[in-house]
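As a basis for the values below, the full set of heavy atoms in this structure was taken, side chains included, without hydrogen atoms, waters or symmetry mates. Here, residue 1 is the first one in the sequence, and each next residue gets the next number.
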Amino acid sequence: MLYQLDDIERLLAEGPGLHVRFSRGFAADLEAGGVDAETGLRLPGYAARPLDPEPWWTLPTVDWIARQLARGSYPRHPGSFAWLLRGTVAGRDADGEPLLTDVEVVGRLADSLLADAERLWRSRFDSALRVRDDEQILAAHA
């Protein structure tokens, strides 16, 4: 179980390709297989959010991690939790998230770590501005 954002930053420093997935865990995922929730189509892997910062990201790595965890908080289903994994990217899902195969389970994230990520993200960036930006984007495409 990982309890600190620093633990994730250390794992990233050890090697790239770290992702987070919200589900009932790898064993449950293996049993169910990768499926697109809206269409029911089989996926060639399991959707996960990348935790490696993009090359254009010039802010601290911990800010990227917090963003990925806070902004990727999926609707939590009973029994689901956040866990870290590495794997081979086999494609992308309909939302653009990488689909991973050859999964290596790295660890589970404590709910307190997710709460810390949310607090860090909100404290460093103007959440009201994000809402205004989202509204502008929606209005521009309406």
Side-chain angles (χ1 to χ4, degrees), residues 1-122 124-127 129-142:
M1 182 79 67
L2 295 144
Y3 294 95
Q4 310 243 342
L5 290 166
D6 291 348
D7 294 334
I8 298 174
E9 199 167 10
R10 179 184 46 78
L11 288 167
L12 280 171
E14 291 174 4
L18 195 62
H19 293 74
V20 63
R21 179 167 167 77
F22 293 80
S23 73
R24 291 184 177 92
F26 186 54
D29 288 348
L30 277 175
E31 188 176 310
V35 177
D36 179 74
E38 288 182 61
T39 63
L41 294 172
R42 301 295 278 164
L43 298 172
Y46 302 99
R49 291 186 66 84
L51 293 179
D52 293 303
E54 289 291 329
W56 53 264
W57 187 263
T58 57
L59 299 174
T61 298
V62 71
D63 289 347
W64 176 269
I65 295 166
R67 177 187 177 137
Q68 292 300 85
L69 295 177
R71 295 188 64 152
S73 52
Y74 300 92
R76 301 291 292 277
H77 300 289
S80 70
F81 54 88
W83 53 285
L84 298 180
L85 62 155
R86 285 192 164 90
T88 303
V89 176
R92 302 225 172 243
D93 70 5
D95 295 323
E97 286 188 343
L99 297 170
L100 301 180
T101 61
D102 305 320
V103 170
E104 169 198 348
V105 176
V106 176
R108 182 174 171 170
L109 303 184
D111 288 339
S112 60
L113 186 151
L114 296 174
D116 288 346
E118 180 71 30
R119 276 191 295 279
L120 176 66
W121 181 248
R122 288 187 184 280
R124 298 231 171 119
F125 302 95
D126 180 6
S127 61
L129 178 60
R130 284 186 306 211
V131 170
R132 286 193 301 274
D133 287 346
D134 291 346
E135 290 170 353
Q136 289 174 4
I137 290 168
L138 290 173
H141 292 289

(message) Quick check for you: to the nearest 0.5 Å, what is the distance between L43 atom CG and R92 atom CZ?
(response) 13.5 Å
(message) Looking at D52 and G17, would you say the former's side chain and the latter's main chain have a donor-acceptor pair under 3.5 Å?
(response) yes
(message) For the CD1 atom of I8 and the CD atom of Q68, what is their distance to the nearest 0.5 Å?
(response) 11.0 Å
(message) Quick one, D63 and F125 - any side-chain contact, counting heavy atoms below 4.5 Å?
(response) yes
(message) If the condition is salt bridge (Lys or Arg N to Asp or Glu O under 4.0 Å), which residues does D93 pass it with, not counting sequence neighbours?
(response) none
(message) Would R49 and E97 count as a salt bridge (charged side-chain N to carboxylate O under 4.0 Å, His left out) here? Give the steps.
(response) CA-CA 6 Å; R49 291 186 66 84; E97 286 188 343; 3.5 Å; yes
(message) Using every non-hydrogen atom in the two residues, find where L120 and A66 come nearest and quote the distance to one decimal.
(response) CD2-CB, 3.6 Å
(message) Quick one, V106 and W83 - any side-chain contact, counting heavy atoms below 4.5 Å?
(response) no
(request) State whether the side chain of W64 and the backbone N or O of E54 hold a donor-acceptor pair below 3.5 Å, judged by distance alone. (result) no
(request) Kindly state each residue pair satisfying salt bridge (Lys or Arg N to Asp or Glu O under 4.0 Å) with at least one member in residues 1-19, sequence neighbours excluded. (result) R10-E14
(message) How long is the straight-line distance from CG of L113 back to CE of M1, given to the nearest 0.5 Å?
(response) 10.0 Å
(request) Kindly compute the distance separating CG (L69) from CG (L109), expressed to the nearest 0.5 Å. (result) 6.0 Å
(request) Return the minimal non-hydrogen interatomic distance between S112 and R119, and the atom names on each side. (result) O-NH2, 4.5 Å
(message) Taking the side chain as everything from C-beta on, heavy atoms only, tell me whether L100 gets closer than 4.5 Å to V89.
(response) yes
(request) Indicate the atoms forming the closest heavy-atom contact of F81 with G79, along with that distance. (result) CD2-O, 3.6 Å
(message) Ignoring hydrogens, what is the shortest heavy-atom contact between A70 and A117? Give both atom names and the distance.
(response) CB-O, 4.2 Å
(request) Ignoring hydrogens and angles, tell me if any N or O in the side chain of R86 forms a donor-acceptor pair with the backbone of G15 under 3.5 Å. (result) yes
(message) A side-chain contact here means heavy atoms from C-beta on lying under 4.5 Å apart; do L114 and F22 qualify?
(response) yes
Name the atoms and distances for all side-chain donor-acceptor pairs under 3.5 Å in residues 26-39, with sequence neighbours left out.
residue : atom : partner : partner atom : Å
D29     : OD1  : R21     : NH2          : 3.4
D29     : OD1  : S23     : OG           : 3.4
D29     : OD2  : R21     : NE           : 2.6
D29     : OD2  : R21     : NH2          : 3.4
D29     : OD2  : S23     : OG           : 3.0
D36     : OD2  : E38     : N            : 3.4
D36     : OD2  : T39     : N            : 2.9
D36     : OD2  : T39     : OG1          : 2.7
T39     : OG1  : L41     : N            : 3.1

(message) On a heavy-atom basis, which atom in R24 and which in P78 lie closest, and how many Å separate them?
(response) NE-O, 3.1 Å
(request) Look up atom CG in L84 and atom NE2 in H19, then write down how far apart they are to the nearest 0.5 Å. (result) 11.0 Å
(message) Quick check: do V62 and L5 have side-chain heavy atoms less than 4.5 Å from each other?
(response) yes
(request) Of all the heavy-atom pairs spanning A90 and P44, show the shortest one and how long it is. (result) CB-O, 3.6 Å
(message) So L11 and L2, do their side chains get closer than 4.5 Å, heavy atoms only?
(response) yes
(message) Is the shortest side-chain heavy-atom distance between Y46 and V103 below 4.5 Å?
(response) yes
(message) Quick check for you: to the nearest 0.5 Å, what is the distance between L59 atom CG and R67 atom CZ?
(response) 9.5 Å
(message) Let's go through L85 and L18 carefully: what are the C-alpha distance in whole Å and the side-chain angles of both, what is the deciding distance for side chain to side chain contact (heavy atoms under 4.5 Å, CB included) to 0.1 Å, and is it a yes or a no?
(response) CA-CA 6 Å; L85 62 155; L18 195 62; over 6 Å; no
